[in-house]
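Letters A, B, ... mirror the listed sequences (proteins, then strands); counts begin at 1. In what follows, every heavy atom counts, from backbone to side chain, and hydrogens, waters and symmetry copies are set aside.
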Amino acid sequence: MANQKMNLPSPFSFKECLWFLNRNFDDCMHTVGEDHVRKVILVENQPVLFEIREKNSKLIIKILKGEGSPVIENFIHDWFDINRDIKPFYQLLSAHKELAYMSKDFEGLRLIGIPDLFEAICWCIIGQQINLTFAYKTKRRLVERYGTKIIYEGQDYYAFPSPEALAAANPEELKAMQFSAQKIAYLTGIANVFKEGKMSKQILLDLPDVAAQQKALTAIKGIGIWTANYTLMKTLRIPTSIPYGDAGLLNGLIAHRIISDKKDIEGINTFFRHFKGWESYLVFYLWRSLAPKT
DNA sequence: GCCCAGGACTATG
DNA sequence: CATAGTCATGGG
């Protein structure tokens, strides 16, 4: 099958996106090289490994293993938020004294999403209240045990576990991976909710507004308002969604002298009002600014 | 030992 | 409804 080419908007920086995907954390959901990223997704339950490079301002998509499908192209559009015009966001950034540098330093960075709802929620559960290094470590253990593996040129690549696989997971094994009893209950519980079809991306999309989506998510054990908002930001790409209380967000706001006290709710709200409609992008750029230095 | 980390839940006033 | 206590575990 011939490589797919994908046109890119402006500004778009594949390099910035790659940097974020890597950013000195060991994320098992993709593999970043010098000038490319590889990832496995499931297409009709069959794993497909693809690789993305950039050439002449286009993304070049190559299927390394498995069946090619239009699903993959759609996935990449979603993953890198390619169809969005982010120029209005840059105008807002440029007008802000403390943040103007971002429009140059991170120019073309896209809000990297998590198109799979189940994966996004599980990742939230895993990451709740623990440091990211440890969170990525335990996620890798989970994925390498229950995910779908593809071997290509001697290297292992994984797709995130299905709800069925996690629902059937052995709690003792999960405990040995250093998940707390609470998180084990949350993860398997949510896996069952998905397995039974009581939650899905489509179910959320069919709801009338963001408030209803938050409500549907937080009705599930283990999903609080932070997880709900994070998910709406990363999976449904609700531009106004802010993961309130997020430790990284608060540290980002303090680092840029926007607030001096993490409990300064009013200061945070005032700040976000300047970025109406681009709140989630702003949060993402603040996270970017906090990433460990190389 | 203490505090923090991309929180959530439950009980209590 | 706002707050306090509880859970849980690695890293600095």
Side-chain angles (χ1 to χ4, degrees), chain A residues 19-30 106 109 111-114 116-117 119-142 160 171-193 199 211 213-238 241-256 258-266 268-269 271-272 279-293:
Chain A
W19 195 94
F20 188 88
L21 284 172
N22 205 18
R23 61 168 187 152
N24 297 326
F25 287 121
D26 178 33
D27 193 341
C28 60
M29 298 317 301
H30 48 259
F106 310 151
L109 173 66
L111 200 171
I112 310 292
I114 304 178
D116 184 89
L117 179 65
E119 177 188 333
I121 293 175
C122 289
W123 172 229
C124 285
I125 304 293
I126 293 168
Q128 284 168 4
Q129 193 60 18
I130 59 174
N131 68 74
L132 277 178
T133 305
F134 180 51
Y136 279 112
K137 199 184 293 183
T138 55
K139 180 168 78 164
R140 176 176 286 281
R141 292 183 187 134
L142 182 83
F160 196 80
E172 289 302 316
E173 284 187 9
L174 293 173
K175 190 171 170 54
M177 295 175 189
Q178 291 179 286
F179 290 107
S180 67
Q182 261 183 345
K183 289 190 178 180
I184 293 169
Y186 293 160
L187 286 171
T188 53
I190 287 163
N192 275 302
V193 170
M199 176 50 68
Q213 293 169 333
Q214 289 172 330
K215 196 175 168 189
L217 286 168
T218 54
I220 299 170
K221 287 280 180 237
I223 302 183
I225 192 61
W226 174 82
T227 297
N229 284 323
Y230 180 100
T231 300
L232 292 174
M233 167 181 166
K234 295 276 278 186
T235 303
L236 261 58
R237 297 190 168 283
I238 307 292
S241 188
I242 303 168
Y244 284 105
D246 179 85
L249 168 60
L250 293 172
N251 286 333
L253 293 173
I254 288 173
H256 291 87
I258 291 156
I259 56 171
S260 54
D261 178 0
K262 292 186 180 181
K263 281 176 283 194
D264 181 9
I265 308 292
E266 198 40 52
I268 296 170
N269 287 335
F271 168 68
F272 274 111
E279 290 89 335
S280 61
Y281 250 89
L282 185 54
V283 171
F284 190 74
Y285 271 53
L286 286 168
W287 286 343
R288 165 63 183 86
S289 74
L290 291 176
K293 309 289 183 237

Next on the checklist: B:dC4, OP1 or OP2 - any side-chain N/O from A:Asn251 closer than 4.0 Å?
Outcome noted: no

Checklist entry - For the pair made of NZ in A:Lys263 and C1' in B:dC4, what is the distance, rounded to whole Å? => result 15 Å

Checklist outcome for this item: A correct 5'-to-3' footprint of nucleotides 7-12 of chain C, with B, S and - meaning base, sugar-phosphate only and no protein heavy atom under 4.0 Å, is BBSBS-

Item to check | Separation of atom OH in A:Tyr136 from atom P in B:dA5, rounded to whole Å | outcome: 16 Å

Next on the checklist: Between A:Ser241 and A:Asn229 (side chain of the first, backbone of the second, donor and acceptor by atom type, cut-off under 3.5 Å), is there such a pair?
Outcome noted: yes

Checklist entry - Rounded to the Å, how far apart are A:Tyr244 OH and B:dA8 P? => result 15 Å

Checklist entry - CD1 of A:Ile126 to CG of A:Leu142: how many Å apart, nearest 0.5 Å? => result 5.0 Å

Item to check | Whole-Å distance separating the CD1 atom of A:Ile225 from the C1' atom of C:dA2 | outcome: 16 Å

Item to check | Interatomic distance, A:Trp226 CH2 vs B:dC9 P [rounded to whole Å] | outcome: 12 Å

Checklist entry - Should the ring pair A:Phe284 and A:Phe20 be called parallel, tilted or perpendicular, given that the plane angle runs from 0 to 90° and is split at 30 and 60? => result tilted

Checklist entry - Taking only side-chain nitrogens and oxygens of A:Lys183, does any of them come within less than 4.0 Å of OP1 or OP2 of B:dC9? => result no

Item to check | Result of checking A:Lys137, A:Arg141, A:Arg140 against A:Cys28 for side-chain contact (heavy atoms from CB on, under 4.5 Å) | outcome: A:Arg140

